[in-house]
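Counting starts at 1 for both ligands and their atoms, in listed order.
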Amino acid sequence: MTLNFGVIGTGAIGREHIKRITDKLSGGKIVAVTDVNEEAARQVVKQYGLEALVYPDDKSLVNSENVDAVLVTSWGPAHEQNVLNAIEAGKYVFCEKPLATTAEGCRRIAEAEMKHGKRLVQVGFMRRYDSGYVQLKQAIDRNEIGEPLMVRCVHRNPEVDEKYTTQMAVVDTLIHEIDVLHWLISDDYKSVQVIYPKKASRAHANLKDPQLIIMETKSGIVIQAEVFVNCKYGYDIQCEVIGEDGVAYLPEPASIVTRKGAKRSTDILVEWKDRFMDAYDIELQDFIDSIIKTGQPNGPTSWDGYIAAVTADACVKAQESGQKESVDLEEKPVFYTGKITVQ
Ligand code: NAI
Ligand code: NAD
Ligand code: ISE
């Protein structure tokens with residue numbers, strides 16, 4: 001069986017995912033595309049030689065009989081409506097982060113999915129598929145470093161454009177740490193706080209950068225996460241888990257070591273799409289395979305999207321108040337707790 005995809009949003013990551021489904025992965029085919037900039041959608045069909053129709057809007061695309069699954073790679077504020085339209089049409093959806101820009105939006109999606117009666121949605125939290133994070137989680141789960149006490153992590157981008165806001169440091173960038181860390185240490189967030197260090201001179205006038213976010217979990221683990229989106233030197237993701245008996249580090253991407261000019265050096269990647277290339281491949285292949293095999297996606301759920309949004313909302317509140325803010329999650333519905341059933 002082939003899973004036929006309709007893509008909403010043919011920008012940077014939309015094109016990356018179209019290329020990987022077409023050239024690298026198995027079991028998926030792009031048959032439909034749409035973008036608010038229709039010309040951009042036409043260009044993509046031509047550029048990649050796709051056998052795909054261009055639709056005027058998301059509603060007509062999701063309702064196309066030929067579309068089995070919808071790939072949402074539009075900009076964040078459009079995601080909620082894109083996903084709700086897909087659920088209403090009974091279509092599977094792979095939605096890039098954020099699932100919706102508010103916790104209420106994620107809740108509406110979860111409600112619609114539960115009403116539909118089986119899982120349709122997977123959120124693009126690809127770090128859970130990154131081999132480095134998977135190894136880190138295995139080490140923690142096997143108790144190799146004892147009980148985790150603290151986590152230190154870094155999320156640095158070389159630069160951002162003028163459209164990037166102080167809030168986006170949380171809702172667009174930190175959101176990856178928010179998702180992956182509670183999964184990594186199997187704990188829930190209790191409170192968050194944001195500290196602004198000295199502002200980087202390269203950050204544009206309205207952007208507070210860097211930011212230090214402190215997150216505390218219910219069991220008392222303290223996480224220090226740095227977001228610095230004007231670091232200039234590269235795209236740098238670091239994570240260190242400090243346990244009772246030892247410390248475990250996220251592996252750095254492999255690179256040759258050179259010795260030259262009295263220096264020993266290794267490369268640092270620059271682009272996010274290169275740093276997590278394998279994870280994007282694995283998450284989308286898993287989406288395709290589990291739908292074909294079991295009739296449901298198996299990756300991060302709408303409820304994971306909701307947890308991330310509630311935590312991000314608390315971080316935004318903490319950015320504004322300068323205080324510790326609580327993370328108040330509703331109880332997870334049974335629908336999102338069980339193992340998927342094979343049809
Ligand atoms: P982009 O701006 O390059 O592309 C977005 C595209 O969506 C544009 O072509 C725009 O015209 C189109 N669009 C916006 N609203 C639309 C709508 N309602 N209907 C149809 N098309 C619409 O943005 P980019 O960087 O590709 O990001 C897209 C999404 O992917 C964002 O949600 C972003 O957070 C996420 N993303 C995820 C990454 C990850 O590591 N998982 C990395 C980069 C982006
Ligand atoms: P982008 O701006 O390059 O592309 C977005 C595209 O969506 C544009 O072509 C735009 O015209 C189109 N679009 C916007 N609203 C639309 C709508 N309502 N209907 C149809 N098309 C619409 O952005 P991007 O960098 O590709 O990011 C897209 C999404 O992917 C964002 O949500 C972003 O957070 C996410 N993203 C995730 C990762 C990751 O590492 N997982 C990396 C990059 C981007
Ligand atoms: C982007 O949308 C991503 O998701 C990248 O992974 C992240 O590093 C970047 O800061 C975001 O803007």
Inset, instruction - Establish, from distance only, whether the side-chain atoms of Glu325 and Gln193 form a donor-acceptor pair under 3.5 Å. - result: no
Inset, instruction - Report yes or no: does Asp35 have a heavy atom closer than 4.0 Å to ligand 1? - result: yes
Inset, instruction - List every atom of ligand 3 that sits less than 4.0 Å from any heavy atom of His176, numbering the atoms from 1 in the order shown and giving each element. - result: 3 (C), 4 (O), 5 (C), 6 (O)
Legend entry - Presence of salt bridge, Glu113 and Lys118, under 4.0 angstrom: no
Inset, instruction - Of the side chain and backbone of Ala12, name the one, both, or neither that has a heavy atom under 4.0 Å from an atom of ligand 1. - result: both
Legend entry - Sidechain-backbone polar pair: His79 side chain, Glu96 backbone, donor-acceptor under 3.5 Å: yes
Inset, instruction - Run the salt-bridge test on Glu51 and Lys29 with the 4.0 Å N-O cut-off and return the result as yes or no. - result: yes
Legend entry - Ser191 side-chain N/O to Lys324 backbone N/O, donor-acceptor pair under 3.5 Å: no
Legend entry - Salt-bridge contact Arg108-Glu80 (side-chain N to carboxylate O under 4.0 Å): yes
Inset, instruction - Examine the proximity of ligand 1 to Met126 and report which part, side chain or backbone, both or neither, has a heavy atom under 4.0 Å away. - result: side chain
Inset, instruction - Using a strict cut-off of 4.0 Å, indicate which atoms of ligand 2 neighbour a heavy atom of Gly124. - result: 41 (N)
Inset, instruction - Decide whether an N or O pair under 3.5 Å exists between Met126 and ligand 2. - result: no
Inset, instruction - For Thr73, counting its heavy atoms only, list the atoms of ligand 2 lying under 4.0 Å from any of them. - result: 5 (C), 6 (C), 7 (O), 28 (C)
Legend entry - Closest protein heavy atom (residue, atom, distance) for atom 34 (O) of ligand 2: Lys97 NZ, 2.8 Å
Legend entry - Option of least heavy-atom distance to atom 39 (C) of ligand 2 (set: Tyr55, Phe125, Tyr280): Tyr280
Inset, instruction - Check each of Asn157, Val160, Val229, Ile13 against atom 9 (C) of ligand 3 and report the one with the nearest heavy atom. - result: Asn157
Legend entry - N/O separation below 3.5 Å, Trp272 to ligand 2: no
Inset, instruction - Look at atom 8 (O) of ligand 3 and find which of Lys273, His155, Met168 reaches it with the closest heavy atom. - result: His155
Inset, instruction - Any atoms of ligand 2 less than 4.0 Å from a non-hydrogen atom of His79? List them with their elements. - result: 32 (O)
Inset, instruction - Could you list which atoms of ligand 3 come closer than 4.0 Å to a heavy atom of Lys97? - result: 1 (C), 2 (O), 3 (C), 4 (O)
Inset, instruction - Flag Val36 as yes when one of its N or O atoms lies below 3.5 Å from any N or O atom of ligand 1, and as no otherwise. - result: yes
Inset, instruction - Could you tell me whether ligand 3 has any atom less than 4.0 Å away from a heavy atom of Arg275? - result: no
Inset, instruction - Heavy-atom contacts with Gly9 under 4.0 Å: which atoms of ligand 2 show up? List them by number with element. - result: 7 (O), 12 (C), 21 (N)
Legend entry - For Asp35, atoms of ligand 2 separated by under 4.0 Å from a heavy atom: 6 (C), 7 (O), 8 (C), 9 (O), 10 (C), 11 (O), 12 (C), 13 (N), 20 (C), 21 (N)
Inset, instruction - For Phe276 and ligand 3, answer yes if some heavy atom of the residue is under 4.0 Å from a ligand atom, otherwise no. - result: no
